[in-house]
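The block underneath contains the structure these notes are about, expressed in structure tokens.
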Amino acid sequence: MTTQTPTSAPPVAEPAGRLPLSALLALATAVFITSLTETLPAGLLPAISADLHVSESATGQTVTVYAVGTALTAIPLTAATAGWRRKRLLQSAVAGFAVANTVTALSSDYPLTMAARFVAGVAAGLAWALLAGYARRLAPPHLQGRALAIAMAGIPVALSLGVPAGTFLGTAVGWRTAFLTMTGLTVLLIGWIAAAVPDFPGQRRGARVPMLRSLTVPGVSPVLFVTLVYVLAHTLLYAYIATLLDDLGQGAATDLVLLVFGAACLLSIWVVGTYISRRLRGLTVLSVLLIAAGAALFAVPAEQPALVYTAATLWGLGWGGVPTLLQTAVGNAGGDQADGAQAMLVTLWNVAMAGGGVAGGILLDTLGAVSLPRGLLLLLVPVLVTVVAARTHGFPAARRGGA
């Protein structure tokens, strides 16, 4: 997930202490559409599976192939388009979602659906390579962290409102309508970007830095390792949440459970946006512990709604601020190499999503749904150890500079 930030253009002129909210909300909507396109199948797996005549584990690979598309293309496409005007590139990426979601909605063929999801992943690679950097450039230095939090709010909004609404819509009138609705929102967003988001030039050829050089900067590698394992752990559960809830006797309440999860995500991102400048390390440790507590409750094989909703709340409180935490951590650690570090984070995030989809499908088929939260718990151990150990670089006890 995130950014290739050109540095040659001056920031947009805004009164001191003010943020360009219309532009930032347009970016948040782009994040919303990117995130919802990625995760919408999770709440609709049974319906999509039945319609395409494949198993639920095979349907879960629609999340995997999306992530593969992003992972394979984020770095090369970001490098190839580094000189493009930023608004033009963002609109092209958003248009890719419109095409991919339309084909997904109309397809009755599993391979064609998978191809459309791959194209959506390619569009996501371009979008994530722009959005965080765009948000930071729209704000004065002392407000860049807040600007990033506003833009990234599209993720928990997608989880709290989009996925439950899409699940409800898919249940009521068919999953295809949910994807066509996404197309309509995307078309509206293209117009909003044209009207409200300032343009920036791309990078000059001589100003570009090899992305892999960022790996030599102290602190970058620990953040990237945490990103890889943390997102793998989360996706292991999230990609198959509808199946797990069905196994726990709450399949009919999938939309409500996801609503609770997403509402907790919204609270989490508000807290993170408020305290990240002073408490990045502590917030990251807290997020791991909250998700571990939620996974432990999900792992209890009892059909008790109270446990399920409590687990979803803890999971959401832990996960909502994670994108902002990791993007900020890698940006701070990267320093002059932040652009390359952010592009590496985009790729590893989506490699982890692909791996989580595959590993989750294997666990589901071999050990059953209850193995998913248990696998998540196991993966959180190296995440927590790395965050705690990286106290000098990566997740320092005191944040060095920044917004």
Side-chain angles (χ1 to χ4, degrees), residues 38-72 110-111 113-114 117-118 121 163 167 175 225-254 257-258 261 288 291-305 307-308 311-312 314-315 318-319 348-385:
E38 179 178 61
T39 57
L40 187 58
L44 299 169
L45 278 187
I48 298 174
S49 172
D51 213 10
L52 296 181
H53 307 292
V54 295
S55 68
E56 290 188 16
S57 60
T59 306
Q61 303 317 305
T62 58
V63 176
T64 302
V65 75
Y66 178 105
V68 168
T70 302
L72 291 179
Y110 180 70
T113 300
M114 295 291 277
R117 294 289 295 172
F118 181 87
V163 175
T167 302
W175 64 270
F225 175 80
V226 167
T227 299
L228 178 67
V229 183
Y230 209 173
V231 176
L232 175 66
H234 168 76
T235 306
L236 195 71
L237 179 59
Y238 193 83
Y240 300 96
I241 187 62
T243 303
L244 175 64
L245 292 175
D246 189 55
D247 192 63
L248 295 173
Q250 300 300 310
T254 297
V257 174
L258 290 174
F261 168 74
V288 176
I291 292 176
L297 291 180
F298 272 131
V300 177
E303 298 184 6
Q304 298 184 26
L307 285 180
V308 169
L314 293 170
W315 184 21
W319 183 254
L348 289 178
W349 187 288
N350 287 279
V351 166
M353 286 193 61
V358 172
I362 293 172
L363 286 175
L364 182 64
D365 286 342
T366 57
L367 299 176
V370 74
S371 67
L372 301 174
R374 292 173 181 173
L376 189 159
L377 275 171
L378 184 63
L379 288 170
L380 289 182
V381 174
V383 171
L384 184 60
V385 169

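From a predicted model like this one, the values you see are computed outputs, not experimental measurements.
- A distance of 11.0 Å separates CG in Leu44 from CG in Asp51, rounded to the nearest 0.5 Å.
- Separation of atoms OG (Ser57) and CG (Leu364) is listed at 6.0 Å; rounding is to 0.5 Å.
- What you find for Ala311 and Leu297 is that their closest heavy atoms are CB-CB, 3.7 Å.
- Distance CD/Glu56 to CD/Gln61: 12.5 Å, rounded to 0.5 Å.
- Remark: aromatic rings of Tyr238 and Trp315 are close, center separation under 6.0 Å.
- Shortest non-hydrogen contact noted between Ser55 and Ser49 is C-OG, 3.4 Å.
- Between the Arg117 side chain and the Glu38 main chain, a donor and an acceptor come within less than 3.5 Å of each other.
- Note that CG of Leu376 and OG1 of Thr235 are 9.5 Å apart. Values are rounded to the nearest 0.5 Å.
- In terms of heavy-atom proximity, Leu236 sits nearest to Gly375 at CD2-C, 3.6 Å.
- Using a 4.5 Å cut-off on side-chain heavy atoms (C-beta onward), Met114 and Thr62 make contact.
- Taking the side chain as every heavy atom from C-beta outward, Val288 and Tyr230 approach each other to under 4.5 Å.
- Considering OH of Tyr110 and CG of Leu52, their distance stands at 8.5 Å, rounded to 0.5 Å.
- Taking every heavy atom of both residues into account, Leu348 and Leu228 meet most closely at O-CD1, 3.8 Å.
- Of the inter-residue distances, the one linking Leu314 atom CG with Phe298 atom CZ reads 9.0 Å to the nearest 0.5 angstrom.
- The two residues Ala292 and Leu377 come nearest to each other via the heavy atoms O-CD2, 3.3 Å.
- Residues Leu237 and Leu244 form a side-chain contact, since some pair of their non-hydrogen atoms from C-beta on lies under 4.5 Å apart.
- Gly355 and Leu232 make their closest contact through C-CD1, 3.4 Å (heavy atoms, listed as atom of the first residue, atom of the second, distance).
- For the pair Thr254/Leu258, a side-chain contact is recorded, criterion being any heavy-atom separation below 4.5 Å from C-beta on.
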